[in-house]
Amino acid sequence: MTHTVIETRDVACGEPTRAERFRALVDEHQDAAVRTAQRLLGGDPIAEDVAQEAFLRAYRGLAKFRGEASLRTWFFRILVREVQRHRRWQAARRIWRTDSLSEQELPDVSSPMGDSALRDRLVCALERLPRRQREAFVLVHLEQFTVKETASLLGVSVGTIKVHLHRALKALRSDLADLREPDPSVSPAAEKEATQ
Amino acid sequence: MTEHRSAQAEAEKETQEDETRLSASDERLVAAMRAGLDSGERTAAQRAAFRAGVEERLERRSRFGGQPLVLAASALAAALILWFTVPDLQHAGDGSDSAPVVAESAGLLAYAYYETDYLANSEAEGDFLSDEYQAISAAFDVP
């Protein structure tokens, strides 16, 4: 079925055309897509390219989208797969390279903690999480997807997402312990136990 | 009434499953991470550049639609033929072995082959048709 036939049918029914739906998808989710890709890729400058590729793939699948999930969940499923594909490509490329350049030099955070150094520190902390924990944490706590949506998006159970979130928080508490201000209502012993 | 109660129970169960209760300390940690990782609002210029990037990708795929496998396979074959038949290519000008560079090029070409093969076998239609690009051009007001 050609695109022209689809458009004609859509126009006749008063439904938005595929191009219109795609334009709306890009306008509505562009910012969140770039932000999520950046957070999942550790601030890699290629995050915008990855997000653009995800929209490209979404365009191709838009004609078949039947509304089984929300459009947002459906698109972010594509985005996360695109991020995962990019990471596999980066890993494969490292095998081919014989020089010793690291794919992404970690930022130097030895200087006093300004805004950009703090951001770099947080990016590194996220990067140190295992992939599945990082994805669950970013989608639930930073991008505000529900646990159920995240489970659907990543193709796992709700229980699995909760386990990933629990482990991610535990790791981040430990990694960023020195940045946290002490809670005056919590005793030092309880505070120490929470980070372990 | 029974049906209403079971629907209500189901909704409550779904809400409980969906909740991720955080301690006050973890709430602060998450809020701090959200604030610290926030790179601010994207400008209108950034958004326009992004849309242009998407459009460019669509155009590129439309232009090469139908031939990516042939292109990638030909490029890979050409590289390998040159490598084996032109001795000078096997050594860089300074006498060092240029094998790593050629290996990387071959690897990248092999990945290009994989990528185009992936596209051709993906769940969507595969090749882009030029009229699809026309429709997107119209949507993005491209002359």
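Just so we're on the same page: letters track the sequence lines, and every chain starts at 1.
- Looking at A:Gln30 and B:Val54, their side chains never come closer than 4.5 Å, going by heavy atoms from C-beta outward.
- Atoms CZ and CG, on A:Phe22 and B:Leu58 in that order, are 5.5 Å from each other to the nearest 0.5 Å.
- For the set A:Arg39, A:Arg35, A:His166, the entry with the most heavy-atom pairs within less than 4.5 Å of chain B is A:Arg39.
- Atom CG in A:Leu169 sits 9.5 Å away from atom OG in B:Ser25 (nearest 0.5 Å).
- Checked for salt-bridge contact, A:Asp31 and B:Arg47 meet the test: a charged N lies under 4.0 Å from a carboxylate O.
- Within 6.0 Å of CD on A:Gln144 lie more than 12 heavy atoms contributed by other residues, nucleotides or ligands.
- With contacts defined as side-chain heavy-atom distances shorter than 4.5 Å, the pair B:Glu56/A:Gln52 does not qualify.
- Proximity to chain B is absent for every atom of A:Ala151, based on heavy atoms less than 4.5 angstrom apart.
- When all heavy atoms of A:Arg119 and B:Leu37 are compared, the closest pair comes out as NH1-O, 2.6 Å.
- Taken to the nearest 0.5 Å, the CZ atom of A:Phe55 stands 14.5 Å off from the CD atom of B:Glu55.
- In the hydrophobic clustering of this structure, A:Phe137 does not group with A:Val163; members are Ile, Leu, Val, Met, Phe, Trp, Tyr whose side-chain heavy atoms approach within less than 4.5 Å, directly or through other members.
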Criterion side-chain contact (heavy atoms from CB on, under 4.5 Å) on B:Leu22 and A:His141, from CA distance to verdict: CA-CA 10 Å; B:Leu22 297 177; A:His141 290 305; 3.5 Å; yes

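- The shortest side-chain heavy-atom distance between B:Met33 and A:Leu176 falls under the 4.5 Å cut-off.
- Annotation for B:Val30 and A:Leu142: closest pair O-CD2, 4.4 Å, computed over non-hydrogen atoms.
- Here the CG-CG distance, from A:Leu165 to B:Asp26, works out to 11.0 Å after rounding to the nearest 0.5 Å.
- Interface remark: A:Leu126 contributes side-chain atoms only to the contact with chain B (heavy atom separation under 4.5 Å).
- Between A:Asp49 and B:Arg57, at least one side-chain N (NZ, or NE/NH1/NH2) sits under 4.0 Å from a carboxylate O, which counts as a salt bridge.
- Atom CZ of B:Arg34 has more than 12 neighbouring heavy atoms from other residues, nucleotides or ligands inside a 6.0 Å radius.
- Linking ILVMFWY residues whenever their side-chain heavy atoms come closer than 4.5 Å, directly or via other members, places A:Val158 and A:Val138 in the same cluster.
- A salt bridge links A:Glu48 with B:Arg42: the closest approach of a Lys/Arg side-chain nitrogen to an acidic carboxylate oxygen falls below 4.0 angstrom.
- In this structure, the portion of B:Ala32 lying under 4.5 Å from any heavy atom of chain A is its backbone and not its side chain.
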